[in-house]
Amino acid sequence: MKTSSLIRAGLVGLVMASLPVHTAFAESLQVMKGSASAPLAVPMNRAIVVESDTPFAELSIANPGIADISTLSDKSIYILGIAPGRTTMTLLSPDGKLISNVEIHVTPDIGEFKERLQQILPGENIEVRTANDGIVLSGTVSSAVKLDRALDLANRYAPDRVSNLMSVGGTQQVMLKVRFAEMQRSVSKSLSSSLAVSGGNSVGVQGETGTWLDGDNAIGNPITSPSGTEGGFALGFTAGSLEFAVLLEALESKGVVRTLAEPNLTALSGQEAKFLAGGEYPIPVSNGDGTISVEYKPFGVELNFTPTVVDGDLINLAINAAVSSIDNTTTLQTGGVTINAFKRRETSTTVEMRDGESFAIAGLLQDDFRDLNGQVPWLGDIPILGTLFRSADYQRSQSELVIIVTPHLVTPTRGEALALPTDRIRIPSEKELFLFGQTAGKQKGGAGEVARQDFSGAYGYVME
């Protein structure tokens with residue numbers, strides 16, 4: 001062997017002695033005459049030593065950018081992995097004949113990655129392989145969070161070269177139960193009076209106050225109450241030629257409205273689901289060229305949500321829920337068409353909770369109050385009699401809205417295990433329909449219990 005080769009082998013040996021333990025030779029491969037026994041796997045940035053039972057005189061590598069080779073002796077070769085890939089190393093005898101072509105496969109060093117993976121995610125069934133210059137992960141993990149952690153760690157060792165073939169075990173379908181509960185209460189009280197005076201012998205008198213002017217109560221006409229008067233009391237009398245008429249209006253009204261909706265919707269983890277129970281309201285829209293087109297605006301109970309099973313039974317929910325209805329009290333007239341407004345209560349949020357837990361994601365308490373007092377100047381300030389010259393109006397309305405969500409991890413079941421509301425409804429016989437007036441046969445189960453409920457009781461609260 002030439003002196004330069006010996007010097008280079010000595011330098012290589014010195015470098016190997018100074019390298020850390022993890023870069024020392026990893027394995028030895030016996031290269032027999034003719035061909036290698038197996039392809040040679042070399043981890044990237046690590047070195048191995050290859051021994052040949054036949055002395056060689058020349059050594060070459062097809063792609064030095066993949067692996068670097070050095071001779072340690074006429075039978076030992078030092079190979080350093082530089083970049084992932086495949087190349088060929090050729091060994092020639094002193095007489096120039098081919099001894100062997102050795103296939104060298106340089107792969108990313110995944111030994112340390114496997115150790116870190118076991119430390120961070122112990123007990124997870126994750127298999128690690130190499131493919132060209134990347135890492136392939138396969139197996140089953142227990143949650144999506146652990147899958148993301150494994151991918152993040154793999155990207156540290158092979159950025160943008162990670163293939164994910166893993167799957168998430170366990171239940172990955174979420175049923176979301178949403179309850180909309182709204183209670184509206186209103187109370188109004190009003191008290192007003194009107195006075196009319198007419199007649200007189202030497203001096204003519206005529207006067208009217210309050211809503212009495214809306215009636216047909218001119219001098220000499222019979223006393224009548226204005227149209228639309230509720231809770232009214234009219235009284236008339238004469239004193240000589242002087243005629244008096246008094247109208248008292250007192251009205252008290254109370255109202256309660258209860259609204260409840262419970263939409264249920266099931267979706268796969270990470271997928272969006274939409275729900276609408278209501279209708280669509282036509283709205284005319286101008287096209288700019290003088291023509292009118294119709295667009296439909298949905299209303300009712302709307303629910304959009306995206307569930308993500310984070311870990312075990314921990315569920316992340318991105319929710320958009322809304323309840324809308326047509327408001328007949330507010331209208332818009334355009335082009336001879338009357339368009340109603342909408343009442344809409346909407347919430348959009350993201351929460352995390354476990355299977356079966358509930359969360360109140362939205363709430364609204366609205367309290368409107370109005371108190372109005374009108375009177376004839378000075379006359380309304382007279383004690384007792386001033387009541388005839390005053391009117392008072394009191395109105396108060398309250399609205400409460402609560403939205404509660406409850407997620408459940410669910411799995412499919414057999415079709416016969418599911419019941420429909422129509423399954424508990426039986427068509428009545430002719431005897432039940434004509435003799436007893438029954439529109440449905442005897443019911444059993446939940447639908448029957450609802451049908452037997454008595455809704456004549458009091459609901460809500462009493463406001464004074």
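Treat the numbers as computed from the prediction; the structure is a model and nothing was measured.
- Side chains of Q184 and S397 form no contact here, defined as non-hydrogen atoms less than 4.5 Å apart.
- Scanning all heavy atoms of the two residues, the minimum distance from P43 to A41 falls at CD-O, 4.0 Å.
- Counting non-hydrogen atoms of neighbouring residues, nucleotides and ligands closer than 6.0 angstrom, the CZ atom of F359 reaches no more than 12 such neighbours.
- V102 places none of its side-chain heavy atoms less than 4.5 Å from the side chain of I77.
- With sequence neighbours left out, S348 forms a side chain to side chain contact (heavy atoms under 4.5 Å, CB included) with N320.
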Considering only distance and modelled atom types, tabulate donor-acceptor pairs under 3.5 Å from the side chains of residues 300-309, sequence neighbours left out.
| from | atom 1 | to | atom 2 | distance (Å) |
| --- | --- | --- | --- | --- |
| E302 | OE2 | R344 | NH1 | 3.0 |

Q: Before giving the answer on side chain to side chain donor-acceptor pair (under 3.5 Å), spell out for T406 and S358 the whole-Å C-alpha distance, their side-chain angles and the decisive distance to 0.1 Å.
A: CA-CA 4 Å; T406 306; S358 297; 2.5 Å; yes
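- T130 OG1 to I110 CD1: the interatomic distance, rounded to the nearest 0.5 Å, is 5.5 Å.
- Residues E51 and K75 fail the side-chain proximity criterion, which asks for heavy atoms closer than 4.5 Å.
- Looking only at side-chain heavy atoms (C-beta outward), K297 and E295 stay at 4.5 Å or farther from each other.
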**Q.** From CA spacing to verdict: side chain to side chain contact (heavy atoms under 4.5 Å, CB included), L151, M166
**A.** CA-CA 10 Å; L151 293 177; M166 295 182 293; 4.0 Å; yes
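- In this structure Y281 satisfies the side chain to side chain contact (heavy atoms under 4.5 Å, CB included) test together with I283, F299, I326, I339, N340, F342, sequence neighbours excluded.
- Under the rule for a salt bridge (charged side-chain N to carboxylate O under 4.0 Å, His left out), the partners of E112 that lie at least two apart in sequence or sit in another chain are R116.
- Y296 pairs by the ring pair (Phe, Tyr, Trp, His ring centres under 6.0 Å) definition with nothing, not counting sequence neighbours.
- Annotation: salt bridge (charged side-chain N to carboxylate O under 4.0 Å, His left out) contacts of E58 (sequence neighbours excluded): none.
- Considering all non-hydrogen atoms of both residues, S73 and F56 come closest at O-CZ, 3.5 Å.
- The CG atom of L147 sits 10.0 Å away from atom OG1 of T140, with the distance rounded to the nearest 0.5 Å.
- Under 3.5 Å, the side chains of N287 and S293 contain a donor-acceptor pair of N or O atoms.
- Remark: S60 pairs with T90 by the side chain to side chain contact (heavy atoms under 4.5 Å, CB included) rule, at least two apart or across chains.
- For the pair P94 and A57, the tightest heavy-atom approach, listed with the atom from each and the gap, is CA-CB, 3.5 Å.
- Looking only at side-chain heavy atoms (C-beta outward), L91 and L59 come within less than 4.5 Å of each other.
- Rounded to the nearest 0.5 Å, atoms OG (S167) and CG (N125) are 9.0 Å apart.
- The shortest side-chain heavy-atom distance between R345 and S325 falls under the 4.5 Å cut-off.
- To the nearest 0.5 angstrom, T338 atom OG1 is 4.0 Å from Q333 atom CD.
- Looking at heavy atoms from C-beta onward, I126 lies in side-chain contact with V141 at the 4.5 angstrom threshold.
- Legend: salt bridge (charged side-chain N to carboxylate O under 4.0 Å, His left out) pairs involving residues 357-370, not counting sequence neighbours, sorted by first then second residue: D367-R396, R370-D393.
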Q: Verify side chain to side chain contact (heavy atoms under 4.5 Å, CB included) between N316 and T350, making sure each step is shown before the conclusion.
A: CA-CA 7 Å; N316 179 285; T350 302; 3.7 Å; yes
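- Counted within 6.0 Å of CD on E430, heavy atoms from surrounding residues, nucleotides or ligands total 12 or fewer; the atom is thus considered open.
- Remark: I66 engages N63, T87, V106 in a side chain to side chain contact (heavy atoms under 4.5 Å, CB included) (not counting sequence neighbours).
- A heavy-atom distance below 4.5 Å is found between the side chains of V174 and L409.
- Applying the salt bridge (charged side-chain N to carboxylate O under 4.0 Å, His left out) test to residues at least two apart or on different chains, none of the pairs has a partner in residues 263-282.
- L80 and R46 make their closest contact through CD1-O, 3.4 Å (heavy atoms, listed as atom of the first residue, atom of the second, distance).
- The CD1 atom of I403 lies 9.5 Å from the CD1 atom of I319; values are rounded to the nearest 0.5 Å.
- Interatomic distance, K177 NZ to E262 CD, rounded to the nearest 0.5 Å: 5.0 Å.
- For D355, there are no salt bridge (charged side-chain N to carboxylate O under 4.0 Å, His left out) partners at least two apart in sequence or on another chain.
- Contact detail for P407 and I315: the closest heavy-atom pair is CB-CD1, 3.9 Å.
- Listed here is the closest heavy atom pair of P282 and V294: CB-CG1, 3.7 Å.
- No donor-acceptor contact under 3.5 angstrom links the side chains of Q398 and E400, judged on distance only.
- Under the side chain to side chain donor-acceptor pair (under 3.5 Å) criterion, no residue pair touches residues 147-164, with sequence neighbours excluded.
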